[in-house]
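Here the structure is a predicted model, which means the values were calculated and not measured.
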Amino acid sequence: MTTTESYRVDPGVEVPVPAPDEQWAVGAVILGPRGAFAQKRSPQRRLFPDSWDIVGGHVEPGETLLDALAREVEEETGWRLRRVRRHLGTTTWHGDDGLGLRHEADFLVDVEGDLDRPALERSKHSGYDWFGPGDLERLKENRRPGEYLIHDLVARALCQESS
């Protein structure tokens, strides 16, 4: 197990290495006692408005993927990244915001903090909820077919945890 200052990485976790000119984002599927955490993007957001999303965001210049993941978890929830359990996959996609091709590495993680009181960035997110296997269809709200990345990531994480 690899340990950084504030979080540890389980053995065998694959962490992609971005090429110099690529745009990268990271995402965290956070599991808790009531399922997987997701937050609702504000209706005024240009990219995927009023849709459910996992915690995450863009990797800043000079930042590693995992350091960006830790920063985004803290910025978007007030929680601290404690453990990176698994790389759930890397997706390449185009947003409708004109910023071009992105690569997104998503991870299953553990966090510490009050899971009943996330400190949402209210300018970016209008709400949150916990999603169990019976709630997954809600993750498709305001998404078109082919835009079910969040649904599919959460479903895969929940399935892997139950097996």
Side-chain angles (χ1 to χ4, degrees), residues 1-32 35-41 45-49 51-77 79-111 121 124-125 128 130-131 133 135-163:
M1 185 170 313
T2 304
T3 304
T4 70
E5 286 183 34
S6 61
Y7 57 87
R8 61 182 195 221
V9 180
D10 284 4
V13 173
E14 173 192 330
V15 179
V17 178
D21 292 333
E22 293 176 333
Q23 285 197 25
W24 278 78
V26 291
V29 175
I30 299 168
L31 295 184
F37 179 81
Q39 48 196 357
K40 190 85 173 223
R41 294 174 67 87
R45 299 282 300 269
R46 181 175 175 156
L47 187 61
F48 306 119
S51 297
W52 290 103
D53 201 0
I54 58 176
V55 173
H58 296 287
V59 177
E60 301 292 336
E63 215 173 22
T64 69
L65 295 184
L66 295 183
D67 287 345
L69 190 68
R71 177 183 51 76
E72 290 289 349
V73 166
E74 191 159 353
E75 285 178 2
E76 293 188 5
T77 65
W79 301 330
R80 292 184 59 95
L81 180 64
R82 189 182 63 162
R83 177 180 169 205
V84 179
R85 297 169 59 180
R86 183 176 301 126
H87 176 230
L88 294 171
T90 299
T91 306
T92 302
W93 52 278
H94 285 274
D96 63 356
D97 57 2
L99 296 179
L101 184 68
R102 290 184 182 84
H103 306 276
E104 180 174 328
D106 297 301
F107 299 90
L108 177 62
V109 304
D110 292 336
V111 298
E121 290 181 289
K124 294 181 180 180
H125 301 99
Y128 73 93
W130 292 90
F131 291 80
D135 306 312
L136 294 176
E137 283 302 306
R138 286 181 50 218
L139 293 171
K140 294 180 179 178
E141 289 176 4
N142 300 317
R143 297 281 178 121
R144 296 184 302 259
E147 294 180 345
Y148 296 152
L149 174 64
I150 302 306
H151 169 275
D152 296 348
L153 285 169
V154 169
R156 187 166 54 243
L158 290 171
C159 180
Q160 290 174 352
E161 282 302 298
S162 67
S163 55

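In this structure, Pro49 and Asn142 approach most closely via the heavy-atom pair O-CB, 4.2 Å. For Arg71 against Val59, the heavy-atom pair with the smallest separation is NH2-CA, 4.5 Å. In terms of heavy atoms, Pro16 sits closest to Leu65 at O-CD1, 3.2 Å. In this structure, Leu108 and Ala157 approach most closely via the heavy-atom pair CD1-CB, 4.1 Å. For the residue pair Glu72 and Val55, the shortest heavy atom distance occurs at O-CG1, 3.7 Å. His103 and Thr92 make their closest contact through ND1-OG1, 3.2 Å (heavy atoms, listed as atom of the first residue, atom of the second, distance).
In this structure, the separation between NE2 on His151 and NZ on Lys140 is 4.5 Å, given to the nearest 0.5 Å. Between the CD atom of Glu75 and the NZ atom of Lys124 there is a distance of 6.5 Å, given to the nearest 0.5 Å. Here the CH2-CD1 distance, from Trp130 to Ile30, works out to 6.5 Å after rounding to the nearest 0.5 Å. Atoms CZ and CG, from Arg8 and Leu81 in turn, are 10.5 Å apart once rounded to the nearest 0.5 Å. In this structure, CZ in Arg46 is found 12.0 Å from CZ in Arg41, a value given to the nearest 0.5 Å. How far CG of Leu153 is from CD1 of Ile54: 5.0 Å, rounded to the nearest 0.5 Å.
Aromatic ring pairs are classed by plane angle as parallel below 30°, tilted from 30° to 60° and perpendicular above 60°; the pair Phe48 and Trp93 is tilted.
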>> Determine whether Asp67 and Tyr7 satisfy the following criterion, side-chain hydrogen bond (donor to acceptor under 3.5 Å, both in side chains), listing intermediate values before the conclusion.
In response: CA-CA 10 Å; Asp67 287 345; Tyr7 57 87; 2.8 Å; yes
>> Could you walk me through whether Trp24 and Thr90 satisfy the side chain to side chain contact (heavy atoms under 4.5 Å, CB included) test, starting with their C-alpha distance in whole Å, then the side-chain angles of each, then the deciding distance to 0.1 Å, before giving a yes or no?
In response: CA-CA 10 Å; Trp24 278 78; Thr90 299; 3.7 Å; yes
> Is there a side chain to side chain contact (heavy atoms under 4.5 Å, CB included) between Leu149 and Glu104 once you walk through the steps?
Replying inline: CA-CA 11 Å; Leu149 174 64; Glu104 180 174 328; 4.1 Å; yes
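The salt bridge (charged side-chain N to carboxylate O under 4.0 Å, His left out) test applied to Glu74 returns Arg80, not counting sequence neighbours. Arg85 pairs by the salt bridge (charged side-chain N to carboxylate O under 4.0 Å, His left out) definition with Asp110, Glu161, not counting sequence neighbours. For Glu22, the salt bridge (charged side-chain N to carboxylate O under 4.0 Å, His left out) test picks out no residue, with sequence neighbours left out.
Within the cation-pi definition used here (under 6.0 Å to the ring centroid, within 45° of the axis), Arg143 does not qualify as a partner of Tyr148.
Contact check for Leu158 versus Leu31: side-chain heavy atoms found under the 4.5 Å cut-off. For the pair Val154 and Leu136, the minimum side-chain heavy-atom distance is below 4.5 Å.
With respect to Asp10 and Arg86, no salt bridge is recorded, no charged nitrogen being found less than 4.0 Å from a carboxylate O.
Proximity of a side-chain donor or acceptor of Arg102 to a complementary backbone N or O of Ala25 within less than 3.5 Å is not detected. Under the 3.5 Å distance criterion, the side-chain polar atoms of Glu141 are left unmatched by any main-chain donor or acceptor of Trp52.
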